[in-house]
Asker: 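Here's a structure for you.
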Amino acid sequence: MRFSEKIPGRVLLVIAFSALSALVLITVFIFVEGVPLIARVGVFNFIFGMKWAPSQGAFGIFPMIVGSLSVTLGAIILGVPIALCCAIFLTEFAPATVRNAIRPAIQLLAGIPSVVYGFWGLIFVVPLIRNYIGGPGLSILAGSIILAIMILPTIISISEVSLLALPPPYREGAFALGATQWQTIHGVLLPAARSGILAAVILGMGRAIGETMAVIMVLGNAVAMPSSILDPARTLTTNIGIEMAYAAGEHRQALFATGIVLLVMIMILNSVAQYALRRRQDER
Amino acid sequence: MSVNNTRMVSFDGTTPKARRLNARQTQAIAKATIWAAAVLVILILFAIIFYILSKGIPELDWEFVSEIPSDMGRSGGILSPIIGTLAVTAVAIVIAAPLGVGTAFYLTEYTYEGGITRIIRFGAESLAGIPSIVYGLFGFIFFVIYLKLGWSIVSGGLTLAVMILPTIIRTSEEAIRTVPQIYREVSLSLGGTRWQTITRAVVPSALPGIATGVILGIGRCVAETAAVILTAGSALRIPTSIFAPTRTMAVHFYILAREGISMERAYGTAALLIILILLINIVANILVNRFVARGR
C-alpha cells in the first residue's frame, strides 16, 4: 500500500471518534460542574428535597422530577395510541399515493421548531383548557398535549420501520387462515413487532423528558409540587432553561446538577431503547 | 419467530365482554379508528402551520426582512436575527459536515463491523438522545467559559455542530450503504485504489443522500432555541465577527412571545421560520426522491 493511500484511512479513523469524544466531553463537563453541589447537599436531599429556593440555599428538585415524569407519562398516554394507529395506517391501510403524501408531512411535523409548538400551545391549547376544563390553563395537561404532538413523528417512524420489517409470510399466513386485516394486525403483526414498538415508545419518552422550550411556554413553571394535572408545574429541563439566564455560583452549579439527573434519566431510557432495537434485529 | 401463541388462539382478537361483535364488525371499527388517527395527525399539522402562517404572513414585507430590530424588537425588522441564524448555522455545518460524513465513510468503507464500530456507533447513538438544553449547558461551560469564546457565533455554531453530528452520520451512512457493491468492485478491479474508489465511484452516487443529511442538519440548527440561547446569547446588533454575540430567529421569536414584547413581530418571525423549514423539507425530499429514483 502506498503512503498516500494510508493517510485517508488514518484521518478518517480520527474523525470517526469525534462523536464519542464529544459525548465524553459533555458528560465530563456537566458532571464536573454539577457534582460538587450534589456532594454538598447530599444525593438524597437533592433528588428528594421538596424545596427549591436558590437564594436561601435550598436545592431540592423532587417537584421537578415529578413534573418531568407526569408530563412525559401524559404525552405517552395521549400520543402513543395515535402514533401507533398512524404507523399501522401507513403500513397496512394507506394506498401508495396517500402514504407518499403523509410521510413528508410527518417529517415536517418533526422539523417544526419547538418554540413554535410551545407558542401554538400557549395561544390555542391553554385557553381551551382554562375555559372548558378549569384551572389556570398553564398546566401539566397542556404540556402533555403539546409533547404528545411533538413525539408523534419519532414513534410513528420507528414503529413503521418495525412493521415494515416483518417478513411477508406473517401477513400471508394470517390471511390464508381467513383472518381479517384487524385480526392479522392485532394477533400477528403487533406482537411480532413489539420490540421495535417498545423502542419507539421509549425514544418518544426520551424526547418528551428532554424537551424544553415548548414546555416552558405552556407549563406555568411553578416550583411547587403539582397536585392535579390541571396544576402548573416545572420540569427538570424548564428549571435549567428559565434560571440559566441569571444563575451564578452555587445556583448555577445546582442547574448543572439538574442536568446530571436529566442526563442519567435519558441515558437509561436510551440504553433500554437500544437494547430493544437490538433484540428486534436478533429475532430475525 | 416470536409470535405469541396465546394470542394466536384467540384469533378474533376480542375480549369476552366484546364478543358480541363479530370479526367483520371489529375490522370495520378498527379500520375507521386507524383512518381517524391518521386524519387527526394531518389535521394537527395543518392547524399549526395554517394558524401561524395566517397570522404571520400579513406581517411580512420588505422592511421586516431588511431592517434591524429597534426598541427591543417592538419595531423595525428582523435583519440581525436572520444574519445571526445564517452565521450560526454556517459555522455548525462547516464543522459538522466533514466530521459526520468522514465518520460515515470510515464506518462503511474503511473497517469491518467489530469493537471499534460498536464504540463509535454507541457514541453517535447516545449523542442523538441528549436533550438540547444539555447541549446548551455543555456549550456554555465548555465553549463560552472554559475555552473563553464568550457568547458568540462560534460558541453557538460549535454547540449546534455537536448536536447535529449524529443526524449527519446516520443519513450519510445510510446513503453510502445504498451504493451498489458492484460500483466498488468495478473500480477496484480496474486497479483503482481504495481512496480513488471512494472519491470517484462511491461519493458521486451517495452525494444526494449525504446532502439530504446535511440539509436536515441545517433544519435542526434553524429550529433550535435552547442550545443557542445559552451559547450565542441574545444580542440584537448585527454581528461584526464570528466572535460577536448574536440572536437567531428562533431565539428572537421566543423572547418576543414569552416577554410579550410584540405579538405581531412574533407571528411574523414564526411565519418566516415555518416557511424556511418548509423549504428545507421540500429540498430534502426532492433530493431523497432523486436518490431513490437513481438507485433503481
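The chains referred to below are lettered A, B, ... by the order of the sequence lines, with proteins before strands, and numbering in each begins at 1.
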Asker: Examine whether an atom of B:P98 lies under 4.5 Å from a heavy atom of chain A, and if so say whether it belongs to the side chain, the backbone or both; otherwise answer neither.
Answerer: backbone
Asker: Look at the side chain of A:T235 and the backbone N and O of A:T238, then say whether any donor-acceptor pair between them is shorter than 3.5 Å.
Answerer: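 Indeed, once roles are kept as given, a pair shorter than 3.5 Å links the two residues.
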Asker: With rounding to the nearest 0.5 Å, note down the distance linking CG in A:L189 to CD in A:Q181.
Answerer: 9.5 Å
Asker: Which atoms of A:I209 are under 4.5 Å from chain B, going by heavy atoms: the side chain, the backbone, both sets, or neither?
Answerer: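 Interface part for A:I209: neither.
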Asker: Any side-chain to backbone donor/acceptor pair from B:R265 onto B:L256? Under 3.5 Å, distance only.
Answerer: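 Side chain of B:R265 to backbone of B:L256: no pair is present.
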Asker: Which region of B:I49, side chain (C-beta onward) or backbone (N, CA, C, O), has a non-hydrogen atom less than 4.5 Å from a non-hydrogen atom of chain A, or is it both or neither?
Answerer: side chain
Asker: Is B:E125 paired with B:R170 through a side-chain N to carboxylate O contact shorter than 4.0 Å?
Answerer: no
Asker: Given a strict heavy-atom distance threshold of 4.5 Å, which part of A:L262 is in contact with chain B: side chain, backbone, both, or neither?
Answerer: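 The answer is the side chain of A:L262.
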Asker: Could you tell me which portion of B:L278 (side chain, backbone, both or neither) has an atom closer than 4.5 angstrom to a non-hydrogen atom of chain A?
Answerer: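 For B:L278, backbone and side chain are both near chain A.
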Asker: Using a cut-off of under 4.5 Å on heavy-atom pairs, state which of B:I48, B:V41, B:I169 scores highest against chain A.
Answerer: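 If we count pairs closer than 4.5 Å to chain A, B:I48 comes out on top.
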Asker: Pick one of side chain, backbone, both or neither for A:L152, based on which atoms fall under 4.5 Å of a heavy atom in chain B.
Answerer: side chain
Asker: Does A:T91 use its side chain to pair, donor to acceptor, with the backbone of A:L163 at less than 3.5 Å?
Answerer: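 No.
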Asker: Check each atom of B:I44 against the heavy atoms of chain A and say whether the ones under 4.5 Å are side chain, backbone, both or neither.
Answerer: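 For B:I44, the contact with chain A is made by the side chain alone.
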Asker: Hey, which of A:M217, A:E33, A:Q274 has the most heavy atom pairs under 4.5 Å with chain B?
Answerer: A:Q274
Asker: Less than 4.5 Å to any heavy atom of chain A: does that hold for the side chain of B:V134, its backbone, both, or neither?
Answerer: both
Asker: Picking from B:W35, B:Y51, B:Y135, which has the most non-hydrogen pairs under 4.5 angstrom with chain A?
Answerer: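 Ranked by heavy-atom pairs under 4.5 Å with chain A, first place is B:W35.
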Asker: To the nearest 0.5 Å, what is the distance between CD1 on A:I82 and OG1 on B:T33?
Answerer: 12.0 Å
Asker: Given heavy-atom pairs under 4.5 angstrom as the criterion, report whether the side chain, backbone, both or neither of B:A28 touches chain A.
Answerer: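 Nothing of B:A28, per the 4.5 Å heavy-atom cut-off to chain A.
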Asker: Under 4.5 Å from any heavy atom of chain B, what part of A:R103 do you find: side chain, backbone, both or neither?
Answerer: neither
Asker: Does a salt bridge link A:E92 with A:R171, judged by any charged N lying under 4.0 Å from a carboxylate O?
Answerer: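 A:R171 and A:E92: salt-bridged.
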Asker: Given that the side chain runs from C-beta out, which part of B:L45 has a heavy atom under 4.5 Å from chain A: side chain, backbone, both or neither?
Answerer: both
Asker: Would you mind checking which part of A:T237 comes under 4.5 Å of any heavy atom in chain B, side chain (CB onward), backbone (N, CA, C, O), both or neither?
Answerer: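 Its backbone and side chain both get close to chain B.
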Asker: Heavy-atom distances under 4.5 Å only: say whether A:I149 touches chain B with side chain, backbone, both or neither.
Answerer: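 Side chain only.
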Asker: With chain A as the partner, which of B:I274, B:L165, B:I141 has the greatest number of non-hydrogen pairs under 4.5 Å?
Answerer: B:I141
Asker: Tell me, out of B:A36, B:A226, B:A124, B:G219, who's got the most heavy-atom pairs with chain A below 4.5 Å.
Answerer: B:A226
Asker: Is chain B contacted by the side chain of A:L13, its backbone, both, or neither, given a heavy-atom distance below 4.5 Å?
Answerer: both
Asker: Let me know if B:I42 has heavy atoms under 4.5 Å from chain A in its side chain, its backbone, both or neither.
Answerer: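 The answer is the side chain of B:I42.
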Asker: Report which part of B:L99 has an atom under 4.5 Å of a heavy atom belonging to chain A: side chain, backbone, both, or neither.
Answerer: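 For B:L99, backbone and side chain are both near chain A.
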Asker: Contact part of B:I280 toward chain A, heavy-atom cut-off under 4.5 Å: side chain, backbone, both or neither?
Answerer: neither
Asker: Is B:L137 close to chain A through its backbone or its side chain, or both, or neither, when contacts mean heavy atoms under 4.5 Å?
Answerer: both
Asker: At a heavy-atom separation under 4.5 Å, does B:I119 approach chain A through its side chain, its backbone, both, or neither?
Answerer: both
Asker: Do B:E113 and B:R121 sit within salt-bridge range, that is, some charged N less than 4.0 Å from a carboxylate O?
Answerer: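 Judged by the 4.0 Å cut-off on N to carboxylate O distance, B:E113 and B:R121 do form a salt bridge.
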Asker: When the ring planes of A:W182 and A:H186 are compared, do they come out parallel, tilted or perpendicular, using 30° and 60° as the limits?
Answerer: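 Plane angle between 30° and 60°, so tilted.
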